[in-house]
Amino acid sequence: MRTSPVVLHLDMDAFFASVEILRHPELRGRPVVVGGDGERGVVAAASYEARAYGIFSAMPSVRARRLCPDAVFLHGDHAHYSEVSRRIMAVLTDVTPLVEPLSLDEAFCDVTGVLHAHPDVAFLGEELRRRIRDAEGLECAVGVGPSKFVAKLASKRAKPRIGRPGSGPGRGVGVLVVTPAHQQAFLDELGVQEIWGVGPATLRRLSEIGVRTIGELATIPAAVLERRFGRASGRQLHALARGIDPRPVVADRSPKSVGHEETYVRDLVARGDLQTEILRLADATAARLRDHDLVARTVHLKVRFADFTTITRSRTFAEPTGSSRELATAARHLLTDVDVGRGVRLLGVTASNLSGESSALQLTLDVDADAHWRETEQVMDDVRARFGAGAIAPAALITDGAVEVRRRGDQQWGKSTSASSEEDPDR
């Protein structure tokens, strides 16, 4: 009789880059990078051919270009990736309702309750891979284990191997199943850096006491780890080294925050320009809130300066809101006491403390400007839904006669040098 949960982790292979190669078959076998190719661009994804040169996500695009001058840079299409992701997640929910997406390209599934129909979990993993390959032309890796922690590590081991430049990737096993009986042997061989939460500082402190593998960590008493790393961190290290991860797969997990941020081609120093950008970001953030019938009680302003110093400020509203005007007003107020003279490289507006709109908004008999503005924004949403995001916007967002708005994924990895201009900002 089965007593342990059976968790499946599906991870798409080089998702953004693979989707782009499907759209541009002539790029197959070439090093492809999705992201901004400007001076401040960032790599969002790299094909395995590009990874062979040492290119990885979050790397500055300038460095990626130095590592592989022949790499093909594509700016990406977040809306298209989201649509492909939606179809992939539908394949998973066709098997089990317990699907917890982590991002566009990976998700956990609790398949414990469906094993009566799919008793061979390895076959189930292969079947999911086949269905996604047939429907989308994309490859993925599947890891199976008794917990989220182990399943995610298993999928990582199932993925293709990065080869040498020009040689292409090595074939991965595709599906890797780790049973409770073999869990500890599987973990023991892995480096401690594979444990969630083990960053450079913790890795260094573990190395100081001679711990380099999870197997070595598993031999350290919990009390010793608690003294060295604190009670909470010590307990977590002790548990994960033994594969203990009780977190359930949570379907339909509500977002904790919604936000939008942009990195600019040139540092912004004029307060008026920053005020306009805050309105643009608040408009994008509020549109996403309303699209999901959410309201926010807190707004956060993020400012990154030219020297990469980053500060955040926040304000909590008396009543939750989904209004771009209210978010922008609060974020602009937060900017008032910030010295922007050294130049702003990145600006972000995020809404948090979210709740459903119908349950959060307090009814009132007052007729005020804010209420009228919320009605106006609802009309704007209707117009945009019918004619596109750029059909209507606050007048301050009109540039050279055209509406310039931001939506999720727009220029989020840095603007292409070919698209930049003297004053045109982006992320």
Side-chain angles (χ1 to χ4, degrees), residues 9-85 87-88 102-107 125-126 128-130 132-143 152-176 191 193-194 409 411-419:
H9 179 257
L10 182 138
D11 194 356
M12 303 303 297
D13 293 345
F15 182 54
F16 294 171
S18 296
V19 172
E20 290 296 343
I21 291 169
L22 278 178
R23 303 168 92 181
H24 306 280
E26 69 278 8
L27 298 180
R28 191 171 299 279
R30 297 183 61 185
V32 174
V33 176
V34 176
D37 64 353
E39 292 183 0
R40 294 185 173 180
V42 176
V43 173
S47 67
Y48 281 92
E49 290 79 6
R51 295 181 191 186
Y53 290 87
I55 299 174
F56 297 96
S57 61
M59 174 183 289
S61 296
V62 170
R63 183 182 175 199
R65 182 74 77 185
R66 286 200 301 265
L67 291 171
C68 183
D70 295 329
V72 178
F73 278 77
L74 301 173
H75 199 270
D77 184 346
H78 197 279
H80 181 61
Y81 305 151
S82 296
E83 177 58 26
V84 175
S85 174
R87 296 196 298 264
I88 291 170
L102 298 181
S103 60
L104 294 181
D105 62 343
E106 62 176 319
E126 290 290 358
L128 286 172
R129 296 182 71 232
R130 183 195 63 78
I132 292 171
R133 185 187 306 117
D134 291 349
E136 305 296 337
L138 299 170
E139 297 291 341
C140 64
V142 172
K152 188 171 174 67
L153 289 177
S155 70
K156 184 176 181 180
R157 294 300 175 277
K159 294 181 78 66
R161 298 291 179 261
I162 299 173
R164 295 188 301 275
S167 65
R171 184 178 178 85
V173 297
V175 177
L176 180 60
Q193 68 273 12
E194 300 287 356
Q411 304 172 343
Q412 67 176 20
W413 303 302
K415 178 172 287 184
S416 168
T417 51
S418 62

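Below, each value reflects all heavy atoms present in this structure, side chains not excepted, and no hydrogens, waters or symmetry copies. Starting from 1, each residue takes its place in the sequence as its number.
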Self-check item: Nearest heavy-atom neighbours spanning G143 and A154
Solution: CA-CB, 3.7 Å

Quiz item: Can you tell me if S61 uses its side chain to pair, donor with acceptor, with the backbone of V42 under 3.5 Å?
Solution: yes

Quiz item: Can you name the side-chain hydrogen bond (donor to acceptor under 3.5 Å, both in side chains) partners of R171, sequence neighbours left out?
Solution: none

Quiz item: Which pairs, with at least one residue in residues 43-56 and sequence neighbours excluded, count as a side-chain hydrogen bond (donor to acceptor under 3.5 Å, both in side chains)?
Solution: S47-E49

Practice problem: Kindly indicate whether the side chain of E136, heavy atoms from C-beta on, has any atom under 4.5 Å from the side chain of V19. | Solution: no

Quiz item: Mind checking what makes side-chain contact (heavy atoms from CB on, under 4.5 Å) contact with A64, not counting sequence neighbours?
Solution: V43, I55, M59, F73

Practice problem: Output all residues satisfying side-chain contact (heavy atoms from CB on, under 4.5 Å) with S85, sequence neighbours left out; order by chain, then residue number. | Solution: F15, M89, L104

Exercise. For residues 17-36, pull every pair meeting salt bridge (Lys or Arg N to Asp or Glu O under 4.0 Å), keeping only residues two or more places apart or in separate chains.
Key: E20-R23, R23-D77

Exercise. Answer whether the closest heavy-atom distance between the side chains of V84 and F16 falls below 4.5 Å.
Key: no

Exercise. Find out whether E106 and L10 are in side-chain contact, i.e. whether some heavy atom of one side chain is under 4.5 Å from a heavy atom of the other.
Key: no

Quiz item: Residues in salt bridge (Lys or Arg N to Asp or Glu O under 4.0 Å) with E139, at least two apart?
Solution: R129, R133

Quiz item: For S155, what residues pass the side-chain contact (heavy atoms from CB on, under 4.5 Å) criterion, not counting sequence neighbours?
Solution: H9, D11

Quiz item: Does any N or O in the side chain of S82 come within less than 3.5 Å of the main-chain N or O of H78, such that one atom is a donor and the other an acceptor?
Solution: yes

Quiz item: If you look at every heavy atom in G163 and S167, which pair is closest and at what distance?
Solution: C-OG, 3.7 Å

Quiz prompt | Rounded distance [0.5 Å steps], CG in D13 versus CD1 in I132 | solution = 10.5 Å

Practice problem: Check step by step if salt bridge (charged side-chain N to carboxylate O under 4.0 Å, His left out) holds for R130 and E126. | Solution: CA-CA 6 Å; R130 183 195 63 78; E126 290 290 358; over 6 Å; no

Quiz item: Nearest 0.5 Å, what's the CG-CD1 distance between L128 and I88?
Solution: 11.5 Å

Self-check item: R63 atom CZ, over 12 foreign heavy atoms within 6.0 Å
Solution: no

Quiz prompt | Exercise: identify the closest heavy-atom pair between A17 and A45 | solution = N-CB, 4.1 Å

Exercise. For residues C68 and P31, report the shortest heavy-atom separation together with the two atoms involved.
Key: SG-CG, 3.8 Å

Exercise. Go through the structure and list residues passing salt bridge (Lys or Arg N to Asp or Glu O under 4.0 Å) with E194, not counting sequence neighbours.
Key: K156, R157

Quiz item: Heavy atoms, side chains only, cut-off 4.5 Å: are V72 and V33 in contact?
Solution: no

Quiz item: Mind checking what makes salt bridge (Lys or Arg N to Asp or Glu O under 4.0 Å) contact with D105, not counting sequence neighbours?
Solution: none

Quiz item: By side-chain contact (heavy atoms from CB on, under 4.5 Å), which residues pair with V62, not counting sequence neighbours?
Solution: R66

Practice problem: Report the residues that fulfil salt bridge (Lys or Arg N to Asp or Glu O under 4.0 Å) with R65, sequence neighbours left out, ordered by chain and then residue number. | Solution: none

Quiz item: Of the non-hydrogen atoms in A141 and K159, which two are nearest, and what is the gap between them?
Solution: CB-CG, 3.4 Å

